[in-house]
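Before any comments, here is the structure.
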Amino acid sequence: MQPSANAADTPPVNGGLVDQVIDYLRDHVATEQLRPGARLPSESTISTTLGVSRPVVREAMRTLAATGLVEMAVGKRARIVPVEGKMIGRVIKNAVLIGQADATDILEMRRGIEIAMVALAASRRSDADAADLRSIVDEMAGRLGNPDRYAELDMRLHTSLAHATRNPLYPLLIEAFRQLIQASMLEGLERWAATPKLQRVQDLHVEIVNAVVAADPAGAVLAMTQHFDDAISAILGPIVTEPPADV
C-alpha cells in the first residue's frame, strides 16, 4: 500500500525531541510557578529557544493536553488548567476495561483512601461542612427505596466528606472514582433491596456523619470501616433475604 500524499509530505516527529520539549515545559511551569490560567510561551518562542521544529513543539503540547495539564485552542497560546479527577478516572476505567483490575480491587483501594479521608474530615470539618453532611444524610433517609436517587445522594455525601478534609487531592480521587462508585453503590442497594441489611446502609451513613459532626475521628473511622466491609460483602457475598434462624 502506497503512503498518501499528505503522509509523504509530513516529516515524522522525533519522539526524543518531543520528550525534551515536554521536560522543558514542565520545568518552566515549576520554575515560573505557573498556576491555572497562566499561558505557556508561544510555539515559535519554544521552537527558537530549543532549536526544534514547530511540529515537535505542537506534538509536545498535545501530549501535555492529553494529560490534563494544559488546554490548547486554535490561534492562542496553551494555558495551564486545573487538574481534574476525570484524568485519573480514565486510567482506572481503562485498567478495569482490560481486566487489569476489578470491582474488588476498586473497593479495596477506596476502603483505604476513604477511611483515612473520614478521619481527616472529622478533624478538620467546618460548621458549614457539618450542616451540609447532615442535610444530605437526612434526605437520604427518605430515598432508601429509590436506588438511583439514593446513589446520587451517597455520591454527594462522599464528595462532601472529601472537601471537609481540606486536602485538595481527596476530591480529585473521589471524582476519579465517581462512575465506578455509583455503579458499586447501585449494585449493593439492588442486592440488599429485599434484605434486612438495606436499613443498615442508611444507619451506617448516619453513624459516619454523626462522628464527623462530633469531631470524632476514631468513631468516623470505625463507621466507615464497617460501611466498606458491608459493601464488599454485598457485592461479593451471597444474598440473604431473611435473618438466619436461632440455633
Side-chain angles (χ1 to χ4, degrees), residues 85 103-165 170-171 173-246:
T104 307
D105 299 320
I106 299 298
L107 280 171
E108 287 178 351
M109 185 167 75
R110 280 186 54 212
R111 183 181 186 277
I113 291 171
E114 295 204 43
I115 287 172
M117 179 182 83
V118 80
L120 288 176
S123 300
R124 300 174 178 175
R125 62 91 181 145
S126 66
D127 290 343
D129 293 325
D132 184 44
L133 292 168
R134 184 71 75 194
S135 173
I136 295 170
V137 82
D138 285 348
E139 184 177 351
M140 290 171 73
R143 302 289 184 170
L144 200 52
N146 183 339
D148 289 332
R149 179 56 181 159
Y150 193 89
E152 290 176 7
L153 291 167
D154 198 348
M155 190 69 233
R156 273 184 55 197
L157 184 70
H158 286 259
T159 301
S160 294
L161 287 168
H163 284 287
T165 66
Y170 279 108
L173 290 173
I174 296 300
E175 178 60 33
F177 286 114
R178 173 176 289 276
Q179 289 186 347
L180 295 171
I181 289 174
Q182 288 186 304
S184 66
M185 286 173 177
L186 281 171
E187 183 175 354
L189 290 170
E190 288 168 359
R191 285 175 63 89
W192 274 338
T195 78
K197 285 192 173 183
L198 185 60
Q199 182 58 45
R200 179 175 169 79
V201 174
Q202 175 63 14
D203 292 343
L204 281 171
H205 282 117
V206 172
E207 288 182 25
I208 291 168
V209 170
N210 285 346
V212 172
V213 171
D216 176 11
V221 164
L222 184 63
M224 185 65 84
T225 300
Q226 190 60 64
H227 172 55
F228 269 97
D229 288 348
D230 280 9
I232 291 172
S233 174
I235 291 175
L236 302 180
I239 301 175
V240 179
T241 57
E242 296 180 358
D246 293 337

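In this text, all values refer to a predicted model and were calculated from it rather than measured experimentally.
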Q) Taking all atoms of both residues into account, what is the closest heavy-atom pair of Pro217 and Ser123, and its distance? A) CG-OG, 3.3 Å
(Q) Below 30° counts as parallel, above 60° as perpendicular, anything between as tilted: where do the rings of His158 and Phe228 land? (A) perpendicular
Q: Any chance you could measure Leu133, atom CG, to Asp138, atom CG, to the nearest 0.5 Å?
A: 10.5 Å
Q | Residue pair Leu153 / Ile136: nearest heavy atoms and the distance that separates them | A | O-CG2, 3.5 Å
Q: Would you mind checking if Glu108 and Arg111 are paired as a salt bridge, meaning a charged N to carboxylate O distance below 4.0 Å?
A: no
**Q.** Interatomic distance, Asp154 atom CG to His227 atom NE2 [nearest 0.5 angstrom]
**A.** 5.5 Å
**Q.** CZ on Phe177 to CD1 on Ile113, rounded to 0.5 Å
**A.** 4.5 Å
Q: For residues Leu173 and Glu114, determine if any side-chain heavy atom of one lies less than 4.5 Å from a side-chain heavy atom of the other.
A: no
Q: Please check if the side chain of Thr165 supplies one atom and the backbone of Leu161 the other of a donor-acceptor pair under 3.5 Å.
A: no
(Q) Minimum heavy-atom separation for Asp132 and Ser160, please, with both atom names. (A) OD2-OG, 2.8 Å
(Q) Which heavy atom of Tyr150 sits nearest to which heavy atom of Gln202, and what is that distance? (A) OH-OE1, 2.6 Å
Q | 4.5 Å side-chain heavy-atom contact, Val206 and Met140 | A | no
Q. Minimum heavy-atom separation for Arg134 to Val213, with atom names?
A. NH2-CG1, 3.8 Å
Q) Which atom pair, heavy atoms only, marks the closest approach of Ala211 to Ala122? A) O-CB, 4.3 Å
Q: Quick one: pull up CD1 in Ile208 and CG in Asp203 and give me the separation to the nearest 0.5 Å.
A: 11.0 Å
(Q) Just verifying a value: how many Å separate Asp216 CG and Asn210 CG, rounded to the nearest 0.5 Å? (A) 10.0 Å
Q | Polar side-chain atom of Thr225 near backbone of Val221 as donor-acceptor pair, under 3.5 Å | A | yes
Q. Is it true that a side-chain atom of Glu207 and a backbone atom of Met224 form a donor plus acceptor pair closer than 3.5 Å?
A. no
Q | Nearest-0.5 Å distance, CD of residue Glu139 to CD of residue Glu152 | A | 9.5 Å
Q: Output, in order, the C-alpha distance, side-chain angles, deciding distance and verdict of side chain to side chain contact (heavy atoms under 4.5 Å, CB included) for Val212 and Val118.
A: CA-CA 7 Å; Val212 172; Val118 80; 3.7 Å; yes
Q: Please list all pairs passing the salt bridge (charged side-chain N to carboxylate O under 4.0 Å, His left out) test where one or both residues lie in residues 121-131, with sequence neighbours left out.
A: Arg125-Asp127, Asp129-Arg166
